[in-house]
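The structure presented is a predicted model; accordingly, all values stated were derived computationally and were not measured.
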Amino acid sequence: MILLAIDTAASLCAASIHDSEAGAELGREVLDIGKGHAERLIGVIESALKQAGLAYAYLDRIGVSIGPGSFTGVRVGVATARGLALALSIPAIGVNTLEALAAEAHAGFQGRPVLATIDGRRGDLYCAVYAPDGSALSKPAAISTADAVSLARRHGVALTGNGADAILAAADGDALFDTRLRGATADIGFYARLAAAREATGEKPKPLYLRGADAKPQSGFALARTGS
């Protein structure tokens, strides 16, 4: 199976072409652009396809990061994955950023549960705990740093993701195991492997938003309608 994995949940605009039967990556393109994913993503995908020597028609599946992460970035990635899947009549599979971060940490630090944590940038952390086999021990949630420390103590975890420093600083000297992986998202190869291993159910991937959007519609500025 030839799979395209894409990730736009954080600052990276990333695509990978993965051969699941051979267990090999055929091509990749990863740009650290911060913003502007909508303008760059198709070019990034086509660059990865070119490296693999393949066209869109050779794809059997699409994997996409569904968040949590940047609201705009997640929307861009999910919309692109769904559009390509529809056009190519192939399944699209969603992978959340926390499970991908945990998979990356487990690859180097096996045998211990992992608390994957992303800075929510509004005084909270996006967190979830994953067992060494990848199964979820807690659901993804936006929680306070204090609650994240309690979660880490309860499960005896290794920490990974860019929210780990906040947990360590608040742990008051507790010896929490630290993987030193500090990304807001995982390497694109882990999204590809997780999406390839997942059963295709026909369900469309949906953004995973753990709280409301930062941008709110303005109120109080609407002009009153005049009677007709």
Side-chain angles (χ1 to χ4, degrees), residues 1-108 116 118 130 133-134 181 183-208:
M1 177 176 63
I2 304 299
L3 179 143
L4 162 66
I6 58 178
D7 173 30
T8 56
S11 65
L12 301 182
C13 189
S16 170
I17 309 299
H18 182 79
D19 184 339
S20 64
E21 295 180 5
E25 184 176 69
L26 306 180
R28 71 159 50 201
E29 181 75 359
V30 179
L31 302 179
D32 192 346
I33 62 173
K35 298 180 180 180
H37 296 85
E39 294 79 14
R40 304 293 293 276
L41 180 55
I42 292 300
V44 165
I45 292 171
E46 292 180 349
S47 178
L49 284 167
K50 183 177 180 180
Q51 291 179 39
L54 298 175
Y56 283 104
Y58 287 89
L59 297 176
D60 300 303
R61 178 178 292 191
I62 299 173
V64 60
S65 170
I66 60 171
S70 159
F71 283 83
T72 302
V74 168
R75 285 197 298 270
V76 168
V78 171
T80 301
R82 290 175 61 160
L84 288 174
L86 179 63
L88 298 170
S89 298
I90 59 177
I93 306 292
V95 178
N96 83 61
T97 53
L98 296 171
E99 65 179 323
L101 282 166
E104 186 173 33
H106 280 136
I118 299 171
Y130 293 89
D133 65 0
L181 296 174
T185 188
D187 180 84
I188 187 63
F190 289 95
Y191 289 100
R193 291 171 216 171
L194 288 168
R198 193 151 298 166
E199 181 181 356
T201 63
E203 184 178 351
K204 297 176 182 178
K206 299 177 182 178
L208 177 61

Can you find a pair of side-chain heavy atoms, one from [X] and one from [Y], that are under 4.5 Å apart?
X	Y	value
T8	L41	yes
L59	L49	yes
L26	Q51	no
V78	K204	no
I33	L12	no
L4	L84	yes
L98	Y130	yes
L31	R40	yes

If every non-hydrogen atom of [X] is compared with every non-hydrogen atom of [Y], which pair is closest and at what distance?
X	Y	answer
A116	A102	CB-N, 4.2 Å
A195	R61	O-NH1, 2.9 Å
I66	G94	CG2-CA, 3.6 Å
A196	L3	N-CD1, 3.7 Å
V74	P207	CG1-CB, 3.6 Å
I118	A184	CD1-O, 3.7 Å

Quiz item: Just wondering, are more than 12 heavy atoms of other shown residues or ligands nearer than 6.0 Å to OH in Y56?
Solution: yes
Give, for atom [atom1] of [X] and atom [atom2] of [Y], the distance between the pair rounded to the nearest 0.5 Å.
X	Y	atom1	atom2	value
I90	I2	CD1	CD1	11.0 Å
H37	I42	NE2	CD1	13.5 Å
E29	I45	CD	CD1	11.0 Å
L54	E46	CG	CD	13.0 Å

Quiz item: Just by distance, with hydrogens left out, do T97 and Y191 show a side-chain donor and acceptor under 3.5 Å apart?
Solution: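 No.
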Practice problem: Decide, yes or no, whether a salt bridge links D187 with R193 under the criterion of side-chain N to carboxylate O below 4.0 Å. | Solution: no
Quiz item: Okay, side chain of T80, backbone of V76: is any donor-acceptor separation there less than 3.5 Å?
Solution: yes
Can you give each donor-acceptor pair under 3.5 Å made by side-chain atoms of residues 13-23, sequence neighbours left out, with the distance rounded to 0.1 Å?
{"residue": "S16", "atom": "OG", "partner": "E25", "partner atom": "OE2", "Å": "2.7"}
{"residue": "D19", "atom": "OD1", "partner": "E21", "partner atom": "N", "Å": "3.1"}
{"residue": "D19", "atom": "OD1", "partner": "A22", "partner atom": "N", "Å": "3.2"}
{"residue": "S20", "atom": "OG", "partner": "M1", "partner atom": "O", "Å": "3.3"}
{"residue": "E21", "atom": "OE2", "partner": "M1", "partner atom": "N", "Å": "3.4"}

